[in-house]
There are 2 protein chains.
Amino acid sequence: MARPPRFDTDQLLDAAVRLAASFGPAGVTMAAVAKEAGAPSGSLYHRFAGRSALLAEVWLRTVERFQDSYARVLAAHDDAREAGRAAARHVVAWSRAHPEETRLLLYGPGDFGREGWSQEHRSRAERGNRRIFGELDSLAATLGARDTEAVERLTLALVDLPLSVVRRHLREGGTLPAHAEAVVEDCATALLDTLPRSGGHVRPGSGGRARNRD
Amino acid sequence: MARPPRFDTDQLLDAAVRLAASFGPAGVTMAAVAKEAGAPSGSLYHRFAGRSALLAEVWLRTVERFQDSYARVLAAHDDAREAGRAAARHVVAWSRAHPEETRLLLYGPGDFGREGWSQEHRSRAERGNRRIFGELDSLAATLGARDTEAVERLTLALVDLPLSVVRRHLREGGTLPAHAEAVVEDCATALLDTLPRSGGHVRPGSGGRARNRD
DNA sequence: CCGGTATTAGAGAGGGCTCTCTAATACGAG
DNA sequence: CTCGTATTAGAGAGCCCTCTCTAATACCGG
């Protein structure tokens with residue numbers, strides 16, 4: 001009962017991902033996406049309310065894809081420590097498998113114009129974040145680490161540290177070396193060991209392995 | 001023997017830093033910098049060959065300021081391990097003291113149009129990098145870690161890990177919590193402990209490296 | 001006081017980007 | 001076959017940005 005679409009949403013977002021990976025968020029202009037996808041600008045504006053909306057969609061689709069896989073990995077392990085190690089590895093593995101989307105994610109929502117997003121897009125982003133941080137919170141609880149600083153360290157070990165390895169290698173057009181997963185898992189494990197063990201243990205400063213040399 | 005300048009280079013770059021911190025590299029337009037500094041666009045083009053040159057200058061001035069202080073900290077310690085811990089702390093301390101410049105540095109040279117830089121600017125960037133990586137290389141050598149992967153781990157501990165803590169907190173307009181230095185030093189120390197000790201010693205951990213599992 | 005010069009000052013051409021608007025088009029239901 | 005509709009198609013207004021160009025300006029040595 002209507003003309004069939006030649007350019008669906010995903011196709012256009014794919015083009016946007018390629019542009020973002022190559023030229024950064026600033027390179028994702030309506031004109032550039034249209035050209036990259038071979039579509040007229042009218043088709044773009046037919047699907048997205050404007051540039052903000054397109055930026056929001058491309059960011060959210062990408063980050064949600066990553067978060068889905070990340071949550072799946074976390075859920076696939078019973079032992080908390082093992083789940084953590086697998087999650088850290090997974091960040092690298094996913095990045096290796098999706099280099100363009102990763103380059104996009106190395107920016108932040110702010111670079112994709114979060115300020116100008118609709119309420120709907122904002123809360124979609126919020127939901128995704130809460131989901132992952134919820135998982136990390138409960139993982140921290142399982143590990144007996146309940147205060148803010150401990151959750152922060154867990155996040156550092158399972159998200160930020162892997163991401164910084166990925167960032168260093170992918171920035172300026174490089175690729176991930178073969179040993180990246182191993183380095184990340186190893187380092188994440190070391191960081192997990194700085195967490196206070198369960199049982200209300202005092203902070204790992206003076207007792208643990210970290211500060212013996214002071 | 002000439003009209004005295006009302007707007008010197010540093011003043012204009014200061015304005016560019018503020019804009020980059022608030023709006024990202026894309027917000028650093030010649031028009032915006034002129035307005036922010038209260039200068040006419042003519043003055044801008046009088047000092048910078050064009051937008052690329054201004055972006056290069058603002059990036060290089062900022063990164064060199066950071067690198068200077070970083071190198072100074074590394075040189076201030078005799079013990080390699082202590083130097084490493086101090087360096088990691090310093091990344092956080094410097095970021096706390098210079099939040100706007102830090103927000104700028106959380107982007108990369110690529111975001112500041114490195115492709116379009118003059119040869120002079122490129123080699124200035126190259127020189128700065130070589131300087132720091134040279135220091136890190138010799139630090140690694142002192143610690144008895146000579147292969148690429150070991151240097152990579154050292155970089156991770158002394159640069160990337162502190163930066164990722166800074167990034168998480170400064171992104172989206174936050175500030176660094178009081179305990180950030182402590183967390184970073186603690187985690188950096190843990191990572192330093194994963195380095196192979198001099199003499200080919202295996203690391204004192206869970207009995208082997210993660211890589212063995214492959 | 002005067003000429004030389006570095007700088008300020010800002011108008012305006014040219015280009016790209018966002019977004020709007022109108023017309024053409026292709027399909028499916030009846 | 002015809003009508004209704006979702007979509008394609010792209011021209012063009014308006015805006016901002018980069019960069020150029022010309023004129024005015026303020027200091028300084030002599």
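Any value given below was found using the heavy atoms of this structure, including those in side chains, with hydrogens, waters and symmetry copies removed. Protein chains get the first letters and strands the later ones, always in sequence-line order, with residue 1 at the start of each.
- Here the C1' atom of nucleotide D/dT18 and the CG atom of B/L55 are 12 Å apart, to the nearest Å.
- In the set C/dC19, D/dT8, D/dA26, the nucleotide with an atom closest to the side chain of A/S41 is C/dC19.
- Side-chain atoms of A/Y45 lie closest to C/dT18 of the nucleotides C/dT18, D/dT8, D/dT18.
- Both B/P5 and B/G42 lie near DNA chain C, and the one whose nearest nucleotide falls closer to the 5' end is B/P5.
- For the pair A/K35 NZ and C/dT18 P, the computed distance is 14 Å after rounding to whole Å.
- With rounding to whole Å, A/D8 atom CG is found 9 Å from D/dT8 atom P.
- Between the C1' atom of C/dC17 and the CD atom of A/E36 lies a distance of 17 Å, rounded to the nearest Å.
- A/R131 has a carboxylate O that lies under 4.0 Å from a charged side-chain N of A/D68, or vice versa, which qualifies the two as a salt bridge.
- Ionic pairing of A/D10 and A/R47 is not present here: no N-O contact between side-chain nitrogen and carboxylate oxygen is shorter than 4.0 angstrom.
- Minimum atom distance to the side chain of A/S43 is reached by D/dT8, of the listed D/dT8, D/dC17, C/dT7.
- Within 6.0 Å of the CZ atom in B/F23, the count of heavy atoms belonging to other residues, nucleotides or ligands does not exceed 12.
- Ion pairing of B/D147 with B/R153 is absent here, as no side-chain N (NZ or NE/NH1/NH2) approaches a carboxylate O to less than 4.0 Å.
- Mapped onto DNA chain D by nearest heavy atom, B/P4 and B/A49 fall at different nucleotides, with B/A49 at the one closer to the 5' end.
- Whole-Å rounding puts the A/L19 CG to C/dG16 P distance at 16 Å.
- Protein atom CZ of B/F23 is 15 Å distant from nucleotide atom C1' of D/dC16, rounded to whole Å.
- The phosphate of D/dA9 has OP1 or OP2 within less than 4.0 Å of a side-chain N or O from A/R6.
- Between B/R47 and the phosphate of C/dA6, there is no side-chain N or O to OP1/OP2 separation shorter than 4.0 Å.
- For A/R3, the listed nucleotide lying nearest its side chain is D/dT7; candidates were C/dT18, D/dT20, D/dT7.
- When the P atom of D/dG10 is taken as reference, atom CE of A/M30 falls 17 Å away, rounded to whole Å.
- Among the nucleotides D/dT8, C/dC27, C/dT18, the one closest to any side-chain atom of A/R51 is C/dT18.
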_Verdict with reasoning, A/V165 to A/E181, per side-chain contact (heavy atoms from CB on, under 4.5 Å)_ = CA-CA 9 Å; A/V165 169; A/E181 280 91 342; over 6 Å; no
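- In this structure, B/L44 atom CG and C/dA6 atom P are separated by 19 Å, rounded to whole Å.
- Considering only the side chain of B/H46, C/dT8 comes nearest among C/dT8, D/dT20, D/dA9.
- Each of C/dA9, D/dA9, C/dT18 was ranked by its minimum atom distance to the side chain of B/P40; first place goes to C/dA9.
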